[in-house]
Amino acid sequence: MASRVQEEDFDVGAEIGALTRGRTEIGGVAVFIGVVRDFIEDGTEKAPAEIRGMTLEHYPGMTEKMLSRIEEEANSRWPLLGSLIVHRVGRLDPGDNIVLVVCAAAHREDALQACSFLIDWLKTKAPFWKSEQTAQGEKWVKAKESDDALAARWEEG
Amino acid sequence: MASRVQEEDFDVGAEIGALTRGRTEIGGVAVFIGVVRDFIEDGTEKAPAEIRGMTLEHYPGMTEKMLSRIEEEANSRWPLLGSLIVHRVGRLDPGDNIVLVVCAAAHREDALQACSFLIDWLKTKAPFWKSEQTAQGEKWVKAKESDDALAARWEEG
Amino acid sequence: MKLLYFAWLRTRIGCGEEEIDVPAEVATVADLLRWLEGRGDGYAAALARPDLVRVAVNQEFASAETPVTAGDEVALFPPVTGG
Amino acid sequence: MKLLYFAWLRTRIGCGEEEIDVPAEVATVADLLRWLEGRGDGYAAALARPDLVRVAVNQEFASAETPVTAGDEVALFPPVTGG
């Protein structure tokens with residue numbers, strides 16, 4: 001179990017390898033990689049605006065705490081044999097990696113569900129904010145209701 | 001869209017990179033890697049038996065056809081911007097990679113769902129058979145009802 | 001007819017592939033399985049649990065009623081266990 | 001009290017972090033937001049849409065009723081958009 005916030009890019013193959021190497025009790029590894037898209041998909045815009053770059057701000061201290069807590073929650077819900085969250089901050093270009101989530105388990109369904117859960121919760125509970133650079137200038141990204149709906153799937157009760 | 005059957009190992013990072021590099025319309029990439037576990041989890045066994053290795057047999061010709069068809073089905077159900085299935089055959093050791101599924105989409109939920117669908121269908125519709133080597137000798141793996149149940153989630157009607 | 005056997009059907013029958021002249025009265029997958037069972041102990045052992053035998057005709061999953069003809073490629077195998 | 005502002009709350013208020021002596025009658029998050037709104041145009045603009053303002057007290061998500069005291073770290077920010 002590990003989570004990191006960093007400016008540098010991450011190497012997906014190396015991160016997965018470090019988590020799984022020599023761990024022969026692992027049967028399945030689920031991975032999600034979030035990437036900077038080059039268009040805004042704001043429901044209110046007529047045509048998608050071209051994104052030239054993005055800046056990710058976060059709340060140092062609270063971010064790390066929330067990532068650990070979300071990861072603990074995933075590990076309490078599914079029998080994971082390994083998990084990792086890496087989230088980048090700072091200036092990013094289209095095509096750049098933003099976030100990496102890796103979950104390893106004996107059974108594929110546990111790994112896949114935990115991975116899906118982690119990215120949904122991270123999107124609504126971890127203090128990161130994106131601002132996008134377009135030809136019209138810089139603009140803070142609005143939170144999406146669809147993200148709340150996806151995260152709510154995992155609420156108990 | 002691509003699927004391959006091969007004896008050689010695959011490089012997860014390189015495969016993901018080849019699928020996504022320069023594709024700035026991609027927002028999320030979901031990946032599943034199946035790995036050889038070192039114990040048998042046959043519900044009828046008292047204690048898990050140690051697996052020393054595994055041999056994967058397949059039906060050349062039909063396998064490739066089924067993989068393409070499953071991948072086409074995923075692409076028809078979700079708006080994917082890229083997909084890949086790589087399945088190994090032949091002799092494998094504990095910890096070795098068996099299968100790689102990669103799905104890229106503008107939105108994370110499409111990528112994650114398509115990835116989950118592909119691995120579920122592949123497990124029940126693609127002609128591969130595993131035999132496991134243990135101290136007690138070689139034994140063909142039995143199909144799991146739980147795999148049928150997972151695949152059935154995606155049936156329509 | 002080209003017959004292919006995989007996994008434990010292959011090991012019980014003792015070969016992976018054979019060309020057989022099948023009698024004219026073998027018109028469906030069900031007919032073929034019945035006829036094969038009579039070909040010897042290996043076949044009988046391999047086909048003893050019909051619920052565990054899957055069939056593909058010309059590389060498409062088939063049912064008991066699927067027709068078979070002389071030029072077909074027919075494969076017999078257990079439920080798949082890849083992935 | 002240590003106050004932190006993120007994203008557009010930071011840009012509207014014009015700073016990311018400040019130490020403020022808050023009057024004794026400010027006992028909850030709701031009190032604090034009301035009091036901050038009166039501190040100037042930047043604050044009023046930042047806090048004009050209370051439905052878009054989230055608060056954390058000592059790095060834990062807080063509600064309007066959450067108590068605040070002089071030694072606390074209180075952060076104001078919009079709904080999160082990472083991942």
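The model shown is predicted, which means the values in this text are computed figures rather than measured ones. Every chain is numbered from 1, with letters handed out A, B, ... down the list of sequences.
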Gap separating the CE atom of M66(B) from the CZ atom of F61(C), nearest 0.5 angstrom: 5.0 Å
Distance from L9(C) atom CG to W129(B) atom CH2, nearest 0.5 Å? 9.5 Å
Which portion of R54(C) sits near chain B, non-hydrogen atoms under 4.5 angstrom: neither
State, to 0.1 Å, how close [X] and [Y] come at their nearest heavy-atom pair, and which atoms those are.
{"X": "A56(C)", "Y": "M62(B)", "result": "CB-SD, 3.6 Å"}
{"X": "T81(C)", "Y": "V141(B)", "result": "CG2-O, 3.4 Å"}
{"X": "A143(B)", "Y": "V80(C)", "result": "CB-O, 4.0 Å"}

Segment of R69(B) engaging chain C (4.5 angstrom heavy-atom cut-off): side chain
Measuring heavy-atom distances to chain C, does T124(B) have an atom under 4.5 Å in its side chain, in its backbone, in both, or in neither? backbone
Classify the angle between the aromatic ring planes of Y59(B) and F6(C) as parallel (below 30°), tilted (30 to 60°) or perpendicular (above 60°). tilted
Give a yes or no on whether E8(B) atom CD has more than 12 heavy-atom contacts from other residues, nucleotides or ligands under 6.0 Å away. yes
Would you confirm whether K65(B), through its side chain, and E60(C), through its main-chain N or O, come within 3.5 Å as a donor-acceptor pair? no
